[in-house]
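So that the names make sense, note that chain A is the first sequence line, chain B the second, and so on, each numbered from 1.
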There are 2 protein chains.
Amino acid sequence: MAVLGALAVEDATGYGVRQSITETLGHFWHESFGQIYPTLATLEADGLVGRTPTGKFSITPAGVERLTELLSEPVEPTRPRNGLLLRLFFASHLPDGMARQLVQDARDQARVALAGYGAIEAEVAAESHPDADHWLATVRFGIHHAQATLDWAQETLVRLPDGEG
Amino acid sequence: MAVLGALAVEDATGYGVRQSITETLGHFWHESFGQIYPTLATLEADGLVGRTPTGKFSITPAGVERLTELLSEPVEPTRPRNGLLLRLFFASHLPDGMARQLVQDARDQARVALAGYGAIEAEVAAESHPDADHWLATVRFGIHHAQATLDWAQETLVRLPDGEG
DNA sequence: CTTTGCATGTAACATGTTACATGATTCA
DNA sequence: TGAATCATGTAACATGTTACATGCAAAG
């Protein structure tokens, strides 16, 4: 889905697909290197992607159809694995002060993320691409959640007694 | 880490460990069935857990030490896989109205989650367990993020033109 | 002329899920 | 007595990551 989607936006080499996924979808999706090339090979064999004269991969009409099909499948719920919350839950077994440190780190990361999203938001808004509305929606999701983490961290730092485990 | 942590809270059978993880840690952690039993076997072989006379697993002093060690390891960043945002990003290839539907579904789920968290929050606050502060912090995280999803969904529904792909 | 980035791929490894198999106990 | 829940485990399968191997091109 991610590979076909990336190619639906623009033609690219396998390397380029990976860059698109890392840079553009990076905030909400990832694909490892070892999956992209085999996937492209399969897609090509199935006639869902072809090659341009310059050697780039290019999505075919059948590929576009398949993409729509894939996107229409129900969203499968993600299984959570939040290492921060797991540690916080068992914080009584953590060395003194470490729980607090973890929350501070999360706060700092949220601040950085927030700044990054702000830049992307401005960029997308300026571009006026036909898909800008949807792209903006994904960025706004990131902003809301980064802000939530920031608010939570600040609230939690007030609530957790200083120097506590 | 999750299995040792669960046993640090109370003795349990393998089945019970799974229940603890599903019910108590469920909002931020999961372990599949096929992992818990092999893990328990390894932990027992390593002397990190033992058995009570009633057959339940019980964490040993060495196990507690190991738990602290594990919890002290750096939080490894999770690789994102957000099916909702992926679909939204490529929404121009989605059938008409489906993007809107996805956001509405997310909003409804966030509302349900929020109500659930509220109940848990009240419950934890009432218990006055020594770890209540930390447990509350994890619940508050869920509340902040569910609220973020709710706010985002409402904002997005206003921004996305009606009946749009 | 050498380092960085572009480009392609594979194979070994690690992780994680599902389905199956089995049986005891409890409750209606 | 039959269904649901408790309880334990394994084996096949699916998924996903890392390290390795290779080579070209551009920039400094």
Side-chain angles (χ1 to χ4, degrees), chain A residues 1-7 9-46 48-59 70 73-83 86, chain B residues 1-7 9-46 48-59 70 73-83 86:
Chain A
M1 202 192 290
V3 170
L4 274 179
L7 289 176
V9 174
E10 58 175 356
D11 296 346
T13 61
Y15 192 88
V17 168
R18 181 218 180 198
Q19 278 193 323
S20 302
I21 293 177
T22 307
E23 289 163 21
T24 311
L25 310 181
H27 297 292
F28 52 86
W29 202 263
H30 83 276
E31 290 299 340
S32 80
F33 217 66
Q35 278 177 288
I36 291 175
Y37 281 108
T39 299
L40 280 168
T42 308
L43 291 174
E44 196 176 16
D46 295 348
L48 304 178
V49 308
R51 298 275 196 157
T52 66
T54 58
K56 286 182 171 177
F57 289 97
S58 167
I59 194 166
L70 287 171
E73 286 177 5
V75 177
E76 44 185 293
T78 56
R79 287 168 233 275
R81 282 250 161 124
N82 189 320
L86 188 65
Chain B
M1 202 191 290
V3 171
L4 275 179
L7 289 177
V9 174
E10 58 176 357
D11 297 346
T13 62
Y15 192 87
V17 168
R18 183 219 180 197
Q19 278 193 322
S20 302
I21 294 178
T22 306
E23 289 164 19
T24 311
L25 311 181
H27 297 292
F28 53 85
W29 202 264
H30 82 278
E31 290 299 340
S32 80
F33 218 66
Q35 277 178 287
I36 290 174
Y37 281 108
T39 299
L40 281 167
T42 308
L43 291 173
E44 195 175 17
D46 294 350
L48 304 179
V49 307
R51 298 276 196 157
T52 66
T54 58
K56 285 183 174 181
F57 289 98
S58 166
I59 195 166
L70 287 170
E73 285 178 5
V75 178
E76 42 186 293
T78 56
R79 287 166 233 275
R81 281 251 163 124
N82 188 318
L86 188 66

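Residues satisfying the side chain to side chain donor-acceptor pair (under 3.5 Å) criterion with A/D11, sequence neighbours excluded, are A/S58. Take B/R79 and apply the side chain to side chain donor-acceptor pair (under 3.5 Å) test, not counting sequence neighbours, and it matches no residue. With sequence neighbours excluded, no residue forms a side chain to side chain donor-acceptor pair (under 3.5 Å) with A/T78. Remark: A/E44 engages A/R51 in a salt bridge (Lys or Arg N to Asp or Glu O under 4.0 Å) (not counting sequence neighbours). Every residue was checked against the side chain to side chain donor-acceptor pair (under 3.5 Å) condition with A/T42, not counting sequence neighbours, and none meets it. Annotation: ring-ring contact (aromatic ring centres under 6.0 Å, His included) contacts of A/F33 (sequence neighbours excluded): A/Y37.
Residue B/I36 contributes atom CD1, which lies 14 Å from atom C1' of D/dC6 at whole-angstrom precision. Distance, B/E23 CD to D/dC6 C1': 13 Å, rounded to whole Å.
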In residues 17-25 of chain A, what donor-acceptor pairs under 3.5 Å come from side-chain atoms, sequence neighbours left out?
unit_1	atom_1	unit_2	atom_2	d
A/S20	OG	A/G16	O	3.1
A/T22	OG1	A/R18	O	2.7
A/T24	OG1	A/S20	O	3.4

Inset, instruction - Between protein and nucleotides 6-16 of chain C, map the contacts as a letter string: B base, S sugar-phosphate only, - none, heavy atoms under 4.0 Å, written 5' to 3'. - result: BBBBB-----S
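At its two ends the helix from C/dC1-D/dG28 to C/dA28-D/dT1 runs along axes set 30° apart, each axis drawn from five pairs and the angle rounded to 10°.
Of the residues A/T39, A/L43, A/V3, the one that meets the side chain to side chain contact (heavy atoms under 4.5 Å, CB included) test with A/V49 is A/L43.
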